[in-house]
Student: 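The structure under discussion is supplied below as structure tokens; questions concerning it will follow.
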Amino acid sequence: MDMDTRLLRHFTAVAREGDLARAARRLCLSQPALTRQLRQLETRLGTELFTRTPAGLALTDAGTALAAAAPAVLDAWGAALSATRGAAARAERVLRVGFVAGAVDGGCALARRIVAEFTRRRPGWRVRLAQAAADDPRAGLADGTADAALLRLPFPGQDRLDVRVLVTEECWVALPAAHRLAAREEVDFADLLDEPFVAGPPEPALWRDYWLAADERDGRPAKIGAVAHDARAWLRAVAEGHGVGLTLPSAARSCPRADVVHRPVRGVSPSVVGVACTRGAQVPPVVRDFVQACVAARDEPHARA
């Protein structure tokens, strides 16, 4: 029987959430579309996978069996796709490097040095940079669409990857131009604890909590004034007065707006950029060369982020 892995992924999301609406939001689908896909999967399998209960959706015995087996199937398929795509790119002498917003766009000089050093080590190769979506803090490493990535630390799954620190950058805060703190040269994070924040997507939670400085609030929950799924929407929400947000001087330089001011923040840990790749003997030599090129570019005399 042929099986669409998309149907399996969507089934897994619903099984994990136990709620159709939450799963639909997580998958960026409408509930009717997700319902149709579940019915299509049940038709192909010839059995019901869910029953409705007052608390939401419950797995049938068949659904429980599929939910237990599906992650391994999806992981195996993902690994096969990753290996295939990686081999195809290497055959064309292309290294796929993912990055998250703010990791290299404000540090273009560093990015140029990295690419120059890599091509010196690997003549005839080129680097293909691809910016990740806001909900992908591993910038393609998780699904195998990147061979290496330039990332903001920390990120989910960091302990399972080989990560080298490249840049440390102090955090700033973005404020509406008319904000009561906008005239200050520097802002104490303590003065922001009761302010609404413009937050990123709920998932991954580690990434969102980091940019809300959740660990530095002494147990006080952050107030969420708005949620933005990309950098432009985030900056627009700040400009419109929906909240403030932690950012970086590099981001402030790359996206200036007259209706938003950026100020250094005291009392918040600095942000760190690192280069990451998979760990182990199976890592291709060309990927190791890229990581070493990143470290060499970082260590160049007078190098600046």
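For clarity, every value in this text was computed on a predicted model and none was experimentally measured.
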Student: Determine the minimum heavy-atom distance between P249 and E169, stating which atoms define it.
Tutor: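 Result for this residue pair: CG-OE2, 3.3 Å.
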
Student: Under the 3.5 angstrom rule, does the side chain of Q31 hit a backbone N or O of A24 as a donor-acceptor pair?
Tutor: no

Student: Tell me, please, which residues at least two apart from E42 pass salt bridge (charged side-chain N to carboxylate O under 4.0 Å, His left out).
Tutor: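 Once residues adjacent in sequence are excluded, E42 has no partner under the salt bridge (charged side-chain N to carboxylate O under 4.0 Å, His left out) criterion.
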
Student: Kindly indicate whether a cation-pi arrangement holds for R217 with F197, taking the cut-offs as under 6.0 Å to the six-membered ring centre and within 45° of the axis.
Tutor: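 Yes, R217 and F197 form such a contact.
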
Student: Assign the ring pair F118 / F290 to parallel, tilted or perpendicular, where the plane angle (0 to 90°) is split at 30° and 60°.
Tutor: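 Ring orientation of F118 relative to F290: perpendicular.
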
Student: For residues 170-180, which side-chain donor-acceptor pairs fall under 3.5 Å, sequence neighbours excluded?
Tutor:
unit_1: H179; atom_1: ND1; unit_2: L181; atom_2: N; d: 3.0
unit_1: H179; atom_1: NE2; unit_2: E195; atom_2: OE1; d: 3.0
unit_1: H179; atom_1: NE2; unit_2: E195; atom_2: OE2; d: 3.4
unit_1: R180; atom_1: NE; unit_2: E195; atom_2: OE2; d: 3.2
unit_1: R180; atom_1: NH2; unit_2: D191; atom_2: O; d: 3.1
unit_1: R180; atom_1: NH2; unit_2: E195; atom_2: OE2; d: 2.9

Student: Are I114 and V295 joined in one hydrophobic group, where the rule is that I, L, V, M, F, W and Y side chains link up if heavy atoms are under 4.5 Å apart?
Tutor: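 Hydrophobic grouping puts I114 apart from V295.
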
Student: At their closest point, which heavy atom of L153 faces which heavy atom of V273, and how far apart are they?
Tutor: CD1-C, 4.2 Å

Student: Verify, without hydrogens or angle tests, whether R164 (side chain) and V275 (backbone) share a donor-acceptor contact under 3.5 angstrom.
Tutor: no

Student: Would you name the heavy atoms of A139 and A146 that are closest together and state the gap between them?
Tutor: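 Nearest pair, atom of A139 first, then A146: O-CB, 3.4 Å.
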
Student: Please check this pair: side chain of T5 against backbone of L8, looking for a donor-acceptor N/O pair closer than 3.5 Å.
Tutor: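 Such a contact is absent between T5 side chain and L8 backbone.
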
Student: Quick check for you: to the nearest 0.5 Å, what is the distance between L95 atom CG and T119 atom OG1?
Tutor: 11.5 Å

Student: Heavy-atom count around D61 CG within 6.0 Å, excluding the residue itself: above 12?
Tutor: no

Student: Determine yes or no for a side-chain-to-main-chain donor-acceptor pair under 3.5 angstrom, with R22 supplying the side chain and E17 the backbone.
Tutor: yes

Student: With a 4.5 Å heavy-atom cut-off, do R52 and L57 have their side chains touching?
Tutor: yes

Student: Following the transitive rule for hydrophobic clusters with a side-chain heavy-atom cut-off under 4.5 Å over Ile, Leu, Val, Met, Phe, Trp and Tyr, establish whether V244 and V260 coincide in one cluster.
Tutor: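 No.
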
Student: CG/L66 to OG1/T47 distance, rounded to the nearest 0.5 angstrom?
Tutor: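 Result: 10.0 Å between the selected atoms.
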
Student: Would you say W125 and V94 are hydrophobically clustered, going by side-chain heavy atoms of ILVMFWY under 4.5 Å?
Tutor: no

Student: Show the nearest heavy-atom pair for residues C277 and V291, with the distance to one decimal.
Tutor: SG-CG2, 3.9 Å

Student: If you apply the rule salt bridge (charged side-chain N to carboxylate O under 4.0 Å, His left out), what do you find for R138 with D143, and how did you get there?
Tutor: CA-CA 9 Å; R138 283 182 282 181; D143 63 8; over 6 Å; no

Student: Is D289 paired with R122 through a side-chain N to carboxylate O contact shorter than 4.0 Å?
Tutor: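 Looking at D289 together with R122, the answer is yes, because their closest N to O distance falls below 4.0 Å.
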
Student: Do V127 and V283 belong to the same hydrophobic cluster, where Ile, Leu, Val, Met, Phe, Trp and Tyr are linked whenever their side-chain heavy atoms lie under 4.5 Å apart, directly or via other members?
Tutor: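 Yes, V127 connects to V283 through the hydrophobic network.
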
Student: Looking at every non-hydrogen atom in both residues, tell me the closest pair between L59 and A15 and how far apart they are.
Tutor: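 Closest approach of L59 to A15: CD2-CB, 4.1 Å.
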
Student: Within this structure, what is the CD-OG1 distance for the pair Q40 and T35, rounded to the nearest 0.5 Å?
Tutor: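 The CD atom of Q40 sits 12.5 Å away from the OG1 atom of T35.
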
Student: Report the distance from atom CH2 of W211 to atom OG1 of T247, rounding to the nearest 0.5 Å.
Tutor: 6.5 Å

Student: Taking it one step at a time, do K223 and D194 satisfy side chain to side chain contact (heavy atoms under 4.5 Å, CB included)?
Tutor: CA-CA 7 Å; K223 297 180 180 179; D194 293 324; 4.2 Å; yes

Student: Using the salt bridge (charged side-chain N to carboxylate O under 4.0 Å, His left out) criterion, which residues pair with R16? Sequence neighbours excluded.
Tutor: none

Student: Check residues 233-243 and write down every donor-acceptor pair under 3.5 Å in which the side-chain atom is one partner and the other belongs to a residue at least two apart or another chain.
Tutor:
unit_1: W234; atom_1: NE1; unit_2: V198; atom_2: O; d: 3.0
unit_1: E240; atom_1: OE1; unit_2: H242; atom_2: NE2; d: 3.2

Student: Testing the basics here: between P270 and Y210, what is the closest heavy-atom pair and its distance to 0.1 Å?
Tutor: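 Nearest pair, atom of P270 first, then Y210: O-OH, 3.1 Å.
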
Student: Do any pairs count as a side-chain hydrogen bond (donor to acceptor under 3.5 Å, both in side chains) and have a residue in residues 270-288, sequence neighbours left out, and if so which ones?
Tutor: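 Those involving residues 270-288 are R152-S271.
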
Student: Among residues two or more places apart or on two chains, list those pairs meeting ring pair (Phe, Tyr, Trp, His ring centres under 6.0 Å) that have a residue in residues 51-96.
Tutor: none

Student: Taking atom CZ of R257 and atom NE2 of H262, what is their separation to the nearest 0.5 Å?
Tutor: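 Atom-to-atom, R257:CZ and H262:NE2 are 9.5 Å apart.
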
Student: So how far is it from F11 CZ to L49 CG, rounded to the nearest 0.5 Å?
Tutor: 5.0 Å

Student: Just do the side chain to side chain contact (heavy atoms under 4.5 Å, CB included) check on F155 and V163 with the steps written out, would you?
Tutor: CA-CA 11 Å; F155 57 87; V163 181; 4.0 Å; yes

Student: Take R184 and R263 through the side chain to side chain contact (heavy atoms under 4.5 Å, CB included) test and state the conclusion after the steps.
Tutor: CA-CA 8 Å; R184 295 189 183 181; R263 297 290 183 262; 5.6 Å; no

Student: Under a 3.5 Å distance rule, please check whether R298 uses its side chain to pair with a backbone N or O of L166 as donor and acceptor.
Tutor: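 Here the side-chain-to-backbone pair does not exist.
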
